[in-house]
Amino acid sequence: MDQIVNVNEFQELAKRALPKMYYDFYRGGAEDQHTLKENVAAFTRIMFRPRVLVDVSKIDMSTRILGYPISAPIMIAPTSNHKLAHPEGETATAKAAAACNTIMIVSCMSSCTLEEVASSCNAVRFFQIYVFERRDVTAQVVKRAERAGYKAIVLTVDVPKLGRREADIKNKMIPPKLSNFEGLSSTQVKPSDGSGVEAFASRALDASLNWKDIEWLRSITKLPILIKGILTREDALKAVEAGVDGIVVSNHGGRQLDYSPATITVLEEVVHVVKGRIPVLLDGGVRRGTDVFKALALGAKAVLIGRPVVYGLAAKGEDGVRKVIEMLKNEFELTMALSGCPTIGDITRNHVRTPDERLK
Ligand code: FNR
């Protein structure tokens with residue numbers, strides 16, 4: 001592992017380690033995969049305005065999310081089915097998150113149960129949910145997450161229906177194994193019909209979910225609620241009005257609506273209307289410490305990492321995930337030093353230039 005110098009290199013290792021069906025499932029995006037590519041490409045169009053002759057002999061990357069301290073603004077995005085990547089599944093990812101002093105958002109579609117993940121490490125964890133037509137099933141899992149000590153619920157709102165992921169259709173991707181749910185068996189879905197993931201989603205997810213349902217979620221949990229999947233100022237305002245505790249600007253890693261904008265290009269419009277009332281996080285295409293810095297300069301409190309974490313897990317288990325997070329942290333620390341920002345609070349909008357801006 002010593003020969004790996006950046007997180008992108010884990011993708012090739014994961015490709016070698018995984019059966020094609022699983023690798024394609026992790027890597028893929030929707031339809032033309034335009035948004036998938038743009039998430040990464042859009043970061044490359046943002047340039048720095050570095051400041052010099054600042055004392056950067058000590059760099060402090062630490063920050064707080066919903067009051068919980070983390071070592072750097074780099075968290076783990078919810079991704080499903082970690083046992084397809086590694087036999088230890090989400091417990092390995094959670095241990096790596098704990099070792100890196102960061103927060104893992106555990107997907108409700110995890111292959112280890114939420115309780116197994118909770119008992120594998122005592123770090124701060126958030127729990128991500130989808131809302132099923134069977135509301136009682138969603139309500140039960142939220143209660144279990146509360147009991148198991150998860151500190152927030154992350155409601156993913158960009159999957160009323162599953163995006164068309166053509167690799168999964170071609171490969172007849174197996175339906176997810178639902179360790180967290182009883183009574184929602186996906187085993188009756190015939191994989192030969194196409195993507196088993198899509199078949200499961202169309203049977204189980206509640207496409208009628210709407211803003212009024214935030215009240216319902218509030219009524220069943222005392223935990224803070226974050227909404228994941230916001231891409232416009234209109235919806236950001238609605239989220240604030242609905243009283244949620246945080247927003248994740250996300251297009252689901254380009255897996256849902258293709259030709260949705262790259263997340264980094266819409267971050268500012270969201271931040272602008274939120275006006276600091278609640279934290280705004282971002283995911284999609286973060287592959288470098290410089291990307292983390294750019295997201296913070298444009299107003300994010302932290303970023304979430306999706307695929308690189310899964311690739312690290314597939315390649316090297318817990319150590320691989322730890323290495324991914326550590327490499328991003330090291331690069332981010334260097335970016336802060338070379339930009340003249342010793343603390344997170346020193347990073348400002350003036351430290352970056354977006355493509356639509358004239359020279360400042
Ligand atoms: C995801 N994502 C996701 N999101 C979510 O809310 N619940 C989930 O169960 C999953 N599952 C999932 C599986 C896989 C294989 C991927 C790649 C993604 C979306 C994820 O949380 C995040 O939004 C993106 O992965 C971020 O983009 P990057 O970092 O992968 O570019």
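Counting starts at 1 for both ligands and their atoms, following the listed order.
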Knowing that exactly one of Asn39, Asp158, Asp283 qualifies, which makes a side chain to side chain donor-acceptor pair (under 3.5 Å) with Asn251?
Asn39
Should Val157 and Phe126 be counted in the same cluster of Ile, Leu, Val, Met, Phe, Trp and Tyr side chains packed under 4.5 Å apart?
no
Within a distance under 4.0 Å of any heavy atom of Gly284, pick out the atoms of ligand 1 and give their elements.
26 (C), 27 (O), 31 (O)
Please tabulate, one pair per line, all N/O donor-acceptor pairs under 3.5 Å involving side-chain atoms of residues 293-311, not counting sequence neighbours.
residue	atom	partner	partner atom	Å
Lys294	NZ	Phe43	O	2.7
Lys294	NZ	Ile46	O	2.9
Arg307	NE	Tyr26	O	3.0
Arg307	NE	Arg27	O	3.1
Arg307	NH1	Gly253	O	3.2
Arg307	NH2	Gly28	O	2.9
Arg307	NH2	Gly253	O	2.7

List ligand 1 atoms under 4.0 Å from Thr156, heavy atoms only on the residue side.
5 (C), 6 (O)
For Ser80, take its heavy atoms, then give the atoms of ligand 1 lying under 4.0 Å from any of them.
9 (O), 11 (N), 12 (C), 13 (C)
Shortest protein heavy-atom distance from atom 15 (C) of ligand 1, along with the residue and atom involved:
Tyr26 CD2, 3.3 Å
Qualifying residue for side chain to side chain donor-acceptor pair (under 3.5 Å) with Ser111, from His82, Glu90, Glu116:
Glu90
Looking only at non-hydrogen atoms, which of Ile76, Val159, Thr79 approaches atom 12 (C) of ligand 1 most closely?
Thr79
Using 4.0 Å as the upper bound for N to carboxylate O, is an ion pair formed by Arg349 and Glu357?
yes
Closest protein heavy atom to atom 4 (N) of ligand 1, given as residue, atom name and distance to 0.1 Å
Lys228 NZ, 3.0 Å
What part of Ser250, side chain from CB on, backbone N/CA/C/O, both or neither, has a heavy atom under 4.0 Å from ligand 1?
side chain
Protein contact to atom 3 (C) of ligand 1 [nearest heavy atom, distance to 0.1 Å]:
Pro78 O, 3.0 Å
When you compare ligand 1 with Leu304, is there at least one nitrogen or oxygen pair between them that comes in under 3.5 angstrom?
no
Would you say Val248 and Val159 are hydrophobically clustered, going by side-chain heavy atoms of ILVMFWY under 4.5 Å?
no
Taking heavy atoms and a distance under 4.0 Å, where does Ser107 meet ligand 1: side chain, backbone, both or neither?
side chain
Can you list the ligand 1 atoms lying under 4.0 Å from a non-hydrogen atom of Arg287?
28 (P), 29 (O), 30 (O), 31 (O)
Is there at least one pair of N or O atoms, one from Arg307 and one from ligand 1, spaced under 3.5 Å apart?
yes
Polar contact flag for Met109 and ligand 1 (N/O pairs, less than 3.5 Å):
no
Distance-only side-chain donor-acceptor flag, Asn350 / Thr348, under 3.5 Å
no
When only distance counts, is Ile305 in polar contact with ligand 1, meaning an N/O pair under 3.5 Å?
no
For atom 29 (O) of ligand 1, what is the closest protein heavy atom, and at what distance to 0.1 Å?
Gly306 N, 2.9 Å
Under-4.0 Å salt bridge between Glu38 and Arg45
yes
Min over Val157, Val303, Asp283 of heavy-atom distance to atom 22 (C) of ligand 1 lands on Asp283
Is Ile105 reachable from Val142 through a run of hydrophobic residues whose side-chain heavy atoms are each under 4.5 Å from the next?
no
Any idea how Phe132 and Phe200 line up, ring-wise: parallel (<30°), tilted (30 to 60°), or perpendicular (>60°)?
perpendicular
For ligand 1, which atoms have a heavy atom of Ala77 less than 4.0 angstrom away?
21 (O)
Is Lys143 atom NZ crowded by more than 12 heavy atoms from other residues, nucleotides or ligands, each under 6.0 Å away?
yes
Within-cut-off N or O pair, Tyr130 and ligand 1, under 3.5 Å:
yes
